[in-house]
Amino acid sequence: MSDAIKHECGIALVRLRKPLEYYVEKYGTALYGVQKMYLLMEKQHNRGQDGAGFASININAKPGTEYIARYRSVKTKAIDAIFGKISIKYNKCRRRNPKDSQNIEWLREQLPFLGDVYLGHLRYGTHGENSVDNCHPMIRENNWRNRSLAVAGNFNMTNVDELFNVLTDLGQHPRQKIDTVTVLEKIGHFLDEENQRLFDYYKPDNNNQEITRLIEDNLDLQRVLRRACKDFDGGYSMAGLTGYGAAFVVRDPSGIRPAYYYVDEEVVVVASEKPAIKTAFGVEYDQIKEVSPGCALIVTKSGEASEKEVLPALEKKSCSFERIYFSRGNDPEIYRERKALGKLLCPTVLEAVKYDLENTVFSYIPNTAETSFLGMMDGMEDYLRSYRRKAIAEAGVDEEKLDKIYSFKPRVEKLVIKDAKLRTFITDDNSRDDLVAHVYDTTYGVVKKGIDTVVVIDDSIVRGTTLEKSIIRMLDRLEPKKIIVVSCAPQIRYPDCYGIDMSKMKEFVAFRAMMGLLKDKGKEGLAEEVYQKCVAGLASGTAREQNFVQELYQQFTPEEVSAKVAEIVKAADVKAEVQVIFQTIEGLHEACPNHLGDWYFTGDYPTPGGMKVVNRAFVNFMENKAGRAY
């Protein structure tokens, strides 16, 4: 993506199902679980580079020793910082007491992180400062370990205010009004209630130590999660560890955020992406399962794992943007989907270049658009097969013509080079423009000046800033006749509220194009009408039922919006003709048939909170308010 944005986080969980001695004997190290967690997190580092966190639970810890350990970091290489610290402590312990270092019980006492169940998190902050305090896992600790809780998640809640009020109505005093705190405290509250219910049940016939053991063996996490999650509105995959060693991963009823798991006799593993599990544990893709929407994968203290329904599943709306951009492309399903996205654009691109492939140069914007580019080239080869059959029939026995026909292929060049890993979302606009202009460079001498059309494919176009400030200007210096920018994703028209930092409508180039068209057509009054509907809807509660902003886009065809986008991203000093082509909604669904979450593009939000957010975001735009809409 040429326009960098912050996005969803990543989770990782490992539950060792055998005694630690088993892994020492089989794999030669007491750090087997720790090493697997490092791999799982490192293979998902694309999901969060603002910070990382790691927690572990020692199920059989003796009183007087730590049963829960946590490390967090916001350093540039946060994963290395965390696991480097763990490695240093482990090696120091072995050097100081080489005789005892083979004694697993002694090692556990010295090294609290040497646990039975591990939880990791990679943070891409969408709100709040980038501090260690904002890094997951978040911990709610208690001397009764069956009341302790560590939570890490990939989520955003659209109804934080309502959740905050629920907590205060329960008599709590939440420290902050943010979804991370409200989620932790809400699950923690019902964990406390379940503990108390069991305590009261067992009290007449048992002493407190026996009651603690009975609670740990019988605590119903499914019941806890049902009660805690019933008010959640948002996209979430949340993982949690209890202090006594039970664990869970719960997914929202629409399956918006991803979660996958693998179970064998040695481990239970959960991650946000399948390739991480495959790489870390060497398993086949068909052995990795998806946590069902509305369900929780619950792992008991004894290590038994099963899926349990927490909330009734809704129509599955797993995020299609996840497939287009965020996830690692080495997942075979995602790889096929991205190629299909590129291939489906071929007919429109061929029309745009008037089928003149001889004078067209194809390229892509690195790095995530490369797979879609391969798909586009597959589509071009399909076209050329039919073209060759017809041309050969017309050429007859003319060997020179036949040779030219057989040897002709699309002109593919690496025109766009990502020169530096610079973050173009720096808040200082002046600095951003200067950085954007230098993120990319180009290859000279391969474009025929004034003759060739340059086609470059990107995975998506969000703000259009990089196109306007860098890429189009840079390509124009090659002096092509025309520049066509192709987006694998449809027009991003609406804000996200489920985990991706895309909350301000004015930042979307498609939204700016639509507002520009309203002005061009003398329809500005419609924006005021929609604004009044949004204000009234937010006051009455109907803003949770209807996306009023859709009415504005319905005034124009997608092609009209695309043409206006091209006008916006073409700077005044650019000489070449500029055209922008977007994927269609139909093409998106054809390429990603099992991931129909398309609210960014259509405004069809899967939760009432999403509808409320888009209407509030439009009100913020009209009132020139800078804050996010949730």
Side-chain angles (χ1 to χ4, degrees), residues 13 15-17 19 55-69 105 108-109 112 115-117 119 137-151 163 165-175 181-232 238-250 268 294-312:
L13 185 148
R15 170 61 159 93
L16 302 179
R17 303 186 73 191
S56 66
I57 301 290
N58 182 352
I59 293 175
N60 297 308
K62 296 178 180 178
T65 62
E66 293 285 354
Y67 66 88
I68 186 168
E105 187 175 343
R108 281 188 184 272
E109 292 178 4
D116 302 281
V117 55
L119 177 60
M138 298 292 185
I139 289 182
R140 194 176 190 264
E141 199 165 2
N142 196 297
N143 266 1
W144 282 270
R145 67 179 189 172
N146 41 21
R147 292 174 180 256
S148 292
L149 179 68
V151 171
L163 294 175
N165 291 336
V166 168
L167 292 177
T168 56
D169 290 345
L170 291 170
Q172 289 194 20
H173 185 94
R175 294 170 289 115
V181 171
T182 53
V183 164
L184 175 71
E185 294 301 336
K186 199 157 186 287
I187 298 174
H189 169 78
F190 289 108
L191 181 64
D192 285 344
E193 284 207 344
E194 184 67 8
N195 268 274
Q196 192 62 49
R197 183 180 73 86
L198 292 173
F199 182 88
D200 294 340
Y201 177 79
Y202 291 121
K203 180 63 177 173
D205 302 314
N206 300 278
N207 63 42
N208 282 9
Q209 287 188 337
E210 290 169 338
I211 291 172
T212 295
R213 179 183 57 78
L214 288 167
I215 289 173
E216 293 181 356
D217 289 341
N218 294 282
L219 195 145
D220 189 347
L221 274 180
Q222 182 184 14
R223 173 182 162 89
V224 170
L225 293 170
R226 274 179 173 166
R227 301 179 73 197
C229 296
K230 66 179 181 180
D231 300 319
F232 290 169
M238 293 183 291
L241 309 181
T242 63
Y244 66 93
F248 64 85
V249 176
V250 61
V268 178
C295 291
L297 178 70
I298 294 175
V299 188
T300 65
K301 178 185 176 182
S302 63
E304 297 303 311
S306 60
E307 274 198 68
K308 304 285 186 182
E309 183 183 276
V310 172
L311 296 169

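Reckoned from all heavy atoms, side chains included, excluding hydrogens, waters and symmetry mates.
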Is there a side-chain contact between [X] and [Y], using heavy atoms and a 4.5 Å cut-off?
{"X": "Asn218", "Y": "Tyr202", "answer": "yes"}
{"X": "Cys229", "Y": "Val250", "answer": "yes"}
{"X": "Arg197", "Y": "Arg223", "answer": "yes"}
{"X": "Lys203", "Y": "Ile211", "answer": "yes"}
{"X": "Val268", "Y": "Leu297", "answer": "yes"}
{"X": "Val249", "Y": "Met238", "answer": "no"}
{"X": "Asn208", "Y": "Phe199", "answer": "yes"}
{"X": "Leu149", "Y": "Ile187", "answer": "yes"}

Heavy-atom pair of closest approach, residues [X] and [Y]:
{"X": "Val299", "Y": "Ala305", "result": "CG2-CB, 4.1 Å"}
{"X": "Val117", "Y": "Gly245", "result": "CG1-O, 3.9 Å"}
{"X": "Tyr67", "Y": "Ser148", "result": "OH-OG, 2.6 Å"}
{"X": "Ala246", "Y": "Leu221", "result": "CB-CD1, 3.8 Å"}
{"X": "Pro137", "Y": "Ala150", "result": "CB-CB, 4.4 Å"}
{"X": "Leu119", "Y": "Gly240", "result": "CD2-CA, 4.5 Å"}

With no hydrogens and no angle check, do the side chains of [X] and [Y] hold a donor and an acceptor under 3.5 Å apart?
{"X": "Asp200", "Y": "Gln196", "value": "yes"}
{"X": "Asn58", "Y": "Arg108", "value": "yes"}
{"X": "Glu193", "Y": "His189", "value": "yes"}

Legend entry - Contacts of Phe232 that satisfy ring pair (Phe, Tyr, Trp, His ring centres under 6.0 Å) - sequence neighbours left out: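 Scan of Phe232 (ring pair (Phe, Tyr, Trp, His ring centres under 6.0 Å), adjacent residues dropped) gives Tyr236.
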Gap separating the [atom1] atom of [X] from the [atom2] atom of [Y], nearest 0.5 angstrom:
{"X": "Leu214", "Y": "Leu219", "atom1": "CG", "atom2": "CG", "result": "11.5 Å"}
{"X": "Leu198", "Y": "Asn146", "atom1": "CG", "atom2": "CG", "result": "9.0 Å"}
{"X": "Asn142", "Y": "Ile68", "atom1": "CG", "atom2": "CD1", "result": "11.0 Å"}
{"X": "Leu311", "Y": "Leu225", "atom1": "CG", "atom2": "CG", "result": "9.0 Å"}
{"X": "Ser302", "Y": "Arg15", "atom1": "OG", "atom2": "CZ", "result": "7.0 Å"}
{"X": "Thr300", "Y": "Tyr244", "atom1": "OG1", "atom2": "OH", "result": "8.5 Å"}

Inset, instruction - State whether the side chain of Gln222 and the backbone N or O of Glu309 hold a donor-acceptor pair below 3.5 Å, judged by distance alone. - result: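 Yes; at least one donor-acceptor contact below 3.5 Å.
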Inset, instruction - Ignoring hydrogens and angles, tell me if any N or O in the side chain of Arg145 forms a donor-acceptor pair with the backbone of Ile59 under 3.5 Å. - result: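 Present.
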Inset, instruction - Look at Arg140 together with Asp192 and state whether they make a salt bridge at an N to O cut-off of under 4.0 Å. - result: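 Answer for the salt bridge query: yes.
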Legend entry - Electrostatic pair Asp231:Lys186 at N-O distance under 4.0 angstrom: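 Looking at Lys186 together with Asp231, the answer is yes, because their closest N to O distance falls below 4.0 Å.
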Inset, instruction - Sequence neighbours left out, what passes salt bridge (charged side-chain N to carboxylate O under 4.0 Å, His left out) with Asp217? Give chain and number order. - result: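 Only Arg213 meet the salt bridge (charged side-chain N to carboxylate O under 4.0 Å, His left out) criterion with Asp217.
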Inset, instruction - Quick one: list whatever passes salt bridge (charged side-chain N to carboxylate O under 4.0 Å, His left out) with Glu141, sequence neighbours left out. - result: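 Once residues adjacent in sequence are excluded, Glu141 has no partner under the salt bridge (charged side-chain N to carboxylate O under 4.0 Å, His left out) criterion.
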Legend entry - Asn143, CG: over 12 other non-hydrogen atoms inside 6.0 angstrom: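 Incorrect, the count does not exceed 12.
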Inset, instruction - Might you work through the salt bridge (charged side-chain N to carboxylate O under 4.0 Å, His left out) test for Glu194 and Arg227, ending with a clear yes or no? - result: CA-CA 10 Å; Glu194 184 67 8; Arg227 301 179 73 197; 5.2 Å; no
